[in-house]
Amino acid sequence: MTTLIKNGTVVSATGRHEADVLIDGEKIAAILQPGTSAADSAESGAEKVIDATGKYIVPGGIDCHTHMELPFGGTFASDTFEIGTRAAAWGGTTTIIDFAVQKHEENVRECLDSWFAKAEGECAIDYAFHMILGGVDDAALKEMDALVDEGITSFKLFMAYPGVFYSDDGQILKVMQKASENGAMICMHAENGIAIDVIAEQAAARGQTDPVYHGITRPPRLEGEATNRAIQLALVAGAPVYFVHLSASEALERVAEARNEGHNVYAETCPQYLYLNLEDHLGAPGFAGAGYVCSPPLRTKEHTHHKDLWRGLRTNDLAIVSTDHCPFCMKEQKELGLEDFRAIPNGIGGVEHRMDLIYQGVVMGELSLERWVETCSTTPARMFGLYPQKGVIAAGSDADIVLYDPNAKTHISVDTHHMSMDYSAYEGFDIDGHVDTVISRGKVLIEDGAYHGAKGDGRYLRRGLSSYLI
Ligand code: DUC
Ligand code: ZN
Ligand code: ZN
């Protein structure tokens, strides 16, 4: 099947230009200058022609932080791989990197196999895995080398959640030492979970059990402290470190300092930390704030007022926007914590809205169009060993392409989203742009407001090492 996309503006991480894009099968065959004989003959030979007049042609989004079906807090994240990846496609994301989970005393290989089993034949878009190591022991450390060889080239560690996913400093150092040998990237959840648990227990003992206390008991300073500690451990081990879901200015400062000193320190943030806050959302009346319980927590208005995270995205101290997509329904899931915020499953779903929400940053003048593409597609591909197969519109790359219409609107609501959630964290948001057409490895998934894909369209991606390793 050959498809020609014509009359649009191709946007890359480095610029924009009018060009026609020829797709042959699953790959981009050529980028053609409009009006040339090559473009004319491509059009006459193409089996399908898509008119992209007035639209941006961008590489498909890559969400490098999702948790489909994550077992957490006595329940499971509500999106299956089937539903979550279809929702991602609706929102212009054509690749996810999900987190396979190993908990304390579980066997890494068996855990990874169970993740493969959950995803295989289910996904709408291509998918890869990071591995969460929640029980670092000699067997887990040994298994890391084999996983890197098999394309699982990044490992997430938690400085939070004692007794669940938590690693102590010694365990972290050992994993980092292993990564410095085998080239893996270490993804870090940086919050001081030991201190947080003390503060949360004290709050609960005082009867402070509403959802807002989830945020109040996880101060930004404890994200900053953990970020600094992880950087120092990474420097001792000689390993790169990538901070997931960075939310606090104190953490961003530590990342910026380390980067200014020339170290291999990277970070992502997520839309919830750019758009939502502790008072209005986590502190919403009644139990509504439970829908905004995630970790790290939403920060206060005073904290978000300075827009440090948007600045970090411009300066590249924040290299990527992912979602930390971890949806739970209010009913029967978030409700587990009706009596005590500590029992509310942590997570917000947003895989469907990332491209739109960050495009709104372009509209607001916070990011350039090119930086939107870079933070949402190109850098995730480079950071996690998928480039240039993914993350770029170039001859030979996978034909993962989004036509984005800057003149159409998107209204976000639980009534129209495709995620398995009974509320939307972004209810009522109006975006000045719209995901118009989505193509995944040459197949049109979204066109004319309809879904044309099928379960199992998505394939597993073996990843290489990060392009950011020096
Ligand atoms: N944070 C969340 O909010 N959910 C899943 C795991 C995490 O670290
Ligand atoms: Zn995390
Ligand atoms: Zn996460």
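In listed order, ligands and their atoms are each counted from 1. Here, residue 1 is the first one in the sequence, and each next residue gets the next number.
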Which ligand 1 atoms, with their elements, are less than 4.0 angstrom from a heavy-atom of C294?
3 (O)
Q272 heavy atom under 4.0 Å from ligand 1
no
For D324, atoms of ligand 1 separated by under 4.0 Å from a heavy atom
1 (N), 2 (C), 3 (O)
Can you list everything that forms a side chain to side chain contact (heavy atoms under 4.5 Å, CB included) with E181? Sequence neighbours excluded, please.
K178
Between E352 and R86, does at least one N-O distance fall below 4.0 Å, as a salt bridge requires?
no
For F158, the ligand 1 atoms with a heavy-atom partner under 4.0 Å come out as 8 (O)
Taking only heavy atoms of H189, which atoms of ligand 1 are found under 4.0 Å from at least one of them?
8 (O)
When you look at CG of D430, are more than 12 heavy atoms from neighbouring residues, nucleotides or ligands closer to it than 6.0 Å?
yes
Would you say F165 contacts ligand 1, with heavy atoms under 4.0 Å as the rule?
no
Keeping waters out of it, list the protein N, O or S atoms under 2.8 Å from the Zn ion (ligand 3).
H65 NE2, H67 NE2, D324 OD1
Need the ligand 1 atom indices (1-based, order shown) with element for anything under 4.0 Å from a heavy-atom of H245.
8 (O)
Is there at least one pair of N or O atoms, one from H67 and one from ligand 1, spaced under 3.5 Å apart?
no
For the aromatic rings, using the six-membered ring if either is Trp, is the centroid distance between F116 and Y460 under 6.0 Å?
yes
If we check salt bridge (charged side-chain N to carboxylate O under 4.0 Å, His left out) with D126, which of these qualifies: R441, R459, K443?
R441
How far apart are the C-alpha atoms of F76 and F328, what are their side-chain angles, what is the distance that settles it, and do they pass the ring-ring contact (aromatic ring centres under 6.0 Å, His included) test?
CA-CA 8 Å; F76 286 82; F328 296 100; 9.5 Å; no
Residues K455, E122: salt bridge by 4.0 Å N-O rule
yes
Assess whether a salt bridge exists between R259 and D317, defined as any Lys/Arg side-chain N lying under 4.0 Å from an Asp/Glu carboxylate O.
yes
For ligand 1, which atoms, with element, lie under 4.0 Å from some heavy atom of G347?
3 (O), 4 (N)
Please determine whether a side-chain nitrogen of the Lys or Arg among E225 and R221 lies less than 4.0 Å from a carboxylate oxygen of the Asp or Glu.
no
In ligand 1, which numbered atoms sit nearer than 4.0 Å to a non-hydrogen atom of K156?
8 (O)
ring-ring contact (aromatic ring centres under 6.0 Å, His included), paired with H189, selected from Y161, F165, F155
Y161
